Number of protein chains: 2
Amino acid sequence: MAATDKALAGLRQMIASGELGPGAKFPPEPELCDHLGVSRSSLREAVRSLGALGVIESRHGSGTYVSALDPAAIISRFSLSVELIPLEGVLELLEVRRVLEAHATAAAAARQDPELAERLATILDRLESTTDATQIQHLDAEFHNAICTAGGNSTVTALTDVIRGRGGHYRIFEPGADFDAIKRTSDRGHREILAAITTRDPAAAATAASAHIAQTELWLRALRPVPQPELP
Amino acid sequence: MAATDKALAGLRQMIASGELGPGAKFPPEPELCDHLGVSRSSLREAVRSLGALGVIESRHGSGTYVSALDPAAIISRFSLSVELIPLEGVLELLEVRRVLEAHATAAAAARQDPELAERLATILDRLESTTDATQIQHLDAEFHNAICTAGGNSTVTALTDVIRGRGGHYRIFEPGADFDAIKRTSDRGHREILAAITTRDPAAAATAASAHIAQTELWLRALRPVPQPELP
DNA sequence: GTCTCCGAAATGGTCTGATGACTTACGCTT
DNA sequence: AAGCGTAAGTCATCAGACCATTTCGGAGAC
């Protein structure tokens with residue numbers, strides 16, 4: 001087995017076996033090199049690999065530690081790779097977001113939390129009164145994130161955040177011919193979601209969220225039209 | 001900015017800017033070092049980071065390449081980290097799997113594919129006739145994977161595969177007191193899913209899949225009971 | 001006695017140079 | 001024209017040195 005792979009397997013084994021739990025500190029690098037039988041370069045490359053995946057963290061001058069191994073934190077590391085995925089792939093990811101966010105929105109609606117509806121209304125007020133693309137993107141993220149957080153599953157929130165962050169790069173809301181129509185449709189969608197949450201109607205909430213994101217998918221598809229199949 | 005971070009940002013920028021598309025080859029390491037202004041060690045650590053995330057691939061003796069940037073391939077890289085997540089986190093992940101797989105199962109049921117039902121039936125016949133834990137796990141994965149694949153979204157398939165792989169480590173199906181009851185319940189759940197697909201009933205398929213995975217969640221919770229809150 | 005500050009030790013971060021291993025492609029032989 | 005061997009290109013690994021940051025204990029001031 002290659003040196004770096006050997007180091008990688010060894011480090012993972014130390015965690016998987018329970019020898020080192022979340023937050024635990026690894027031995028110093030020279031000691032690990034000796035233990036794993038690889039050079040420091042190879043060990044460090046293995047450490048970087050697991051670091052990129054959110055499994056371990058190196059702190060300069062302090063040591064190397066096992067991360068909290070929290071699913072949400074690990075998923076948020078995805079953004080480094082997801083942000084590089086081409087449009088075709090983003091459309092598949094948006095289907096994931098649509099399904100998950102419909103679920104989370106329904107869960108949020110099922111909760112008895114009057115404060116949530118208030119906060120969401122405040123966000124929408126600000127969102128509807130701006131035409132700045134960056135501001136729109138930021139407030140839209142805040143709105144959906146607040147709902148997912150209320151849904152109660154931080155993993156779902158992390159996943160939808162990552163996917164939304166990727167979609168945001170396409171900047172649907174650039175001033176252009178369709179800007180007004182798109183903005184109006186988007187605002188209406190948000191209000192429908194809020195209404196379902198306010199009336200505590202999970203089914204309506206799921207439908208509204210699903211439709212809202214499906215609309216986003218349509219806009220993104222329009223940015224790069226797929227070749228139409230030839231009809232016989 | 002730290003050297004490795006500088007290299008990481010530079011490499012990502014080369015892809016994000018479109019300078020290098022999927023499958024493209026990077027310049028040789030010495031050239032990249034010069035271009036990015038870092039030493040070879042730092043560059044290689046950055047390359048390893050992006051390699052762990054499935055964004056680039058180094059081939060010994062050949063060169064370093066941008067990966068296909070396929071969402072499914074990138075997500076499957078996460079098994080390296082997901083497999084280390086503790087049980088509490090796995091339960092949150094299983095909720096994601098439940099929602100996504102219910103969706104995919106409904107989509108599979110909506111398709112007109114008689115061959116699918118046949119293949120699934122064959123898998124279940126084999127699954128029901130074995131009591132070997134490894135065999136059960138393998139056939140169960142094959143069954144669910146076939147359904148998700150038929151669902152048509154490879155990203156959903158990749159995600160559910162990763163999560164299922166993690167849950168499989170807990171080996172619910174070890175021979176024990178409850179083995180027979182658990183096995184019977186599981187087999188029945190699979191048959192209900194297959195029936196919904198055979199009769200092309202998406203709603204029933206989603207319900208059956210959701211219930212089947214919810215059952216798995218209950219079994220996993222039983223493995224490590226959560227502390228009950230004290231009642232006043 | 002307590003607090004502050006400084007410095008030494010511990011530890012990860014970076015660079016350099018050399019060598020090994022694998023892949024690829026070219027040119028030679030048959 | 002096909003097969004083969006060699007050489008060039010490229011990544012993989014190792015070793016050693018030095019830098020940057022954190023941490024902690026001890027010396028000194030109050």
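Quantities reported herein were computed from a predicted structural model and do not represent experimental measurements.
Of the listed nucleotides (C/dG12, D/dC11, C/dT14), C/dT14 has the atom at the smallest distance from the side chain of A/R48. Here the side chain of B/A2 is nearest to one of D/dC14, D/dC11, C/dT14, namely C/dT14. Here C/dT11 is the nucleotide among D/dA12, C/dC15, C/dT11 with the atom lying nearest to any side-chain atom of A/K25. For A/A3, the listed nucleotide lying nearest its side chain is D/dT13; candidates were D/dT10, D/dT13, C/dT14. Picking from D/dC11, C/dG13, D/dT13 the nucleotide with the shortest atom distance to the side chain of A/S39 gives D/dT13.
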Worksheet item: What do the steps show when you test B/E29 against B/R40 for salt bridge (charged side-chain N to carboxylate O under 4.0 Å, His left out), and what is the final call?
Response: CA-CA 7 Å; B/E29 288 181 351; B/R40 194 157 163 244; 2.5 Å; yes
Discussion item. Could you go through B/I74 and B/L53, starting from their C-alpha distance and side-chain angles, then the distance that decides it, and tell me whether this counts as side chain to side chain contact (heavy atoms under 4.5 Å, CB included)?
Written reply: CA-CA 7 Å; B/I74 284 179; B/L53 292 167; over 6 Å; no
Practice prompt. Apply the test ring-ring contact (aromatic ring centres under 6.0 Å, His included) to residues A/F78 and B/F78: give CA-CA distance (whole Å), side-chain angles for both, the deciding distance (0.1 Å), then the verdict.
Written response: CA-CA 8 Å; A/F78 260 110; B/F78 267 72; 3.2 Å; yes
Discussion item. Test side chain to side chain contact (heavy atoms under 4.5 Å, CB included) on B/I147 and B/L120; report intermediate values, then the result.
Written reply: CA-CA 8 Å; B/I147 292 175; B/L120 294 178; 3.8 Å; yes
Worksheet item: Going through the distances and angles, do B/H190 and B/D140 end up as a side chain to side chain donor-acceptor pair (under 3.5 Å)?
Response: CA-CA 9 Å; B/H190 287 148; B/D140 180 81; 2.8 Å; yes
Item to complete: Please lay out, stage by stage, how A/D161 and A/S76 fare under the test side chain to side chain contact (heavy atoms under 4.5 Å, CB included).
Response: CA-CA 8 Å; A/D161 279 351; A/S76 62; over 6 Å; no
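In this structure, CD of B/E31 is placed 10 Å from P of D/dC11, rounded to the nearest angstrom. A straight line from CG of B/L32 to P of D/dA12 spans 13 Å, rounded to a whole angstrom. We find that CG of A/L43 is positioned 16 Å from P of D/dA12, with the value rounded to whole Å. Between the CD atom of B/E45 and the C1' atom of D/dA12 there is a distance of 14 Å, rounded to whole Å. Protein atom CD of B/E29 is 15 Å distant from nucleotide atom P of C/dT16, rounded to whole Å. Here the P atom of nucleotide C/dG13 and the CG atom of B/D5 are 10 Å apart, to the nearest Å. B/R44 places its CZ atom 10 Å from the C1' atom of D/dT10, with the value rounded to the nearest Å.
Of the possible donor and acceptor atoms, one in the side chain of B/R77 sits under 3.5 Å from a partner among the backbone N and O of B/A52. Side-chain atoms of B/T130 do not come within 3.5 Å of backbone N or O of B/R126 as any donor-acceptor pair. The main-chain N or O of A/S210 is never found under 3.5 Å from a side-chain atom of A/R98 such that the two would form a donor-acceptor pair. A donor-acceptor contact shorter than 3.5 Å is absent between the side chain of B/R97 and the backbone of B/I213. Judged purely by atom type and a 3.5 angstrom limit, B/R166 uses its side chain to pair as donor or acceptor with the backbone of B/E83.
Two residues are said to be in side-chain contact when any heavy atoms from C-beta on lie closer than 4.5 Å; B/R44 and A/R44 fail this criterion.
In the region residues 6-15 of chain B, proximity to DNA chain C at under 4.0 angstrom, judged on heavy atoms, holds for none of the residues.
Here A/S58 does not reach the OP1 or OP2 of C/dG12: none of its side-chain N or O atoms lies under 4.0 Å away. For the pair B/S42 and C/dG13, the criterion of a side-chain N or O lying under 4.0 Å from OP1 or OP2 is not met.
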Considering only nitrogen or oxygen atoms on both sides, find all protein atoms under 3.5 Å from nucleotides 21-27 of chain C and state each distance.
residue : atom : partner : partner atom : Å
C/dA21  : N3   : B/H60   : NE2          : 3.2

Sort me out a list of protein N/O and nucleotides 17-19 of chain C N/O pairs below 3.5 Å, or just none if empty.
residue : atom : partner : partner atom : Å
C/dA18  : N6   : B/R40   : NH1          : 3.4

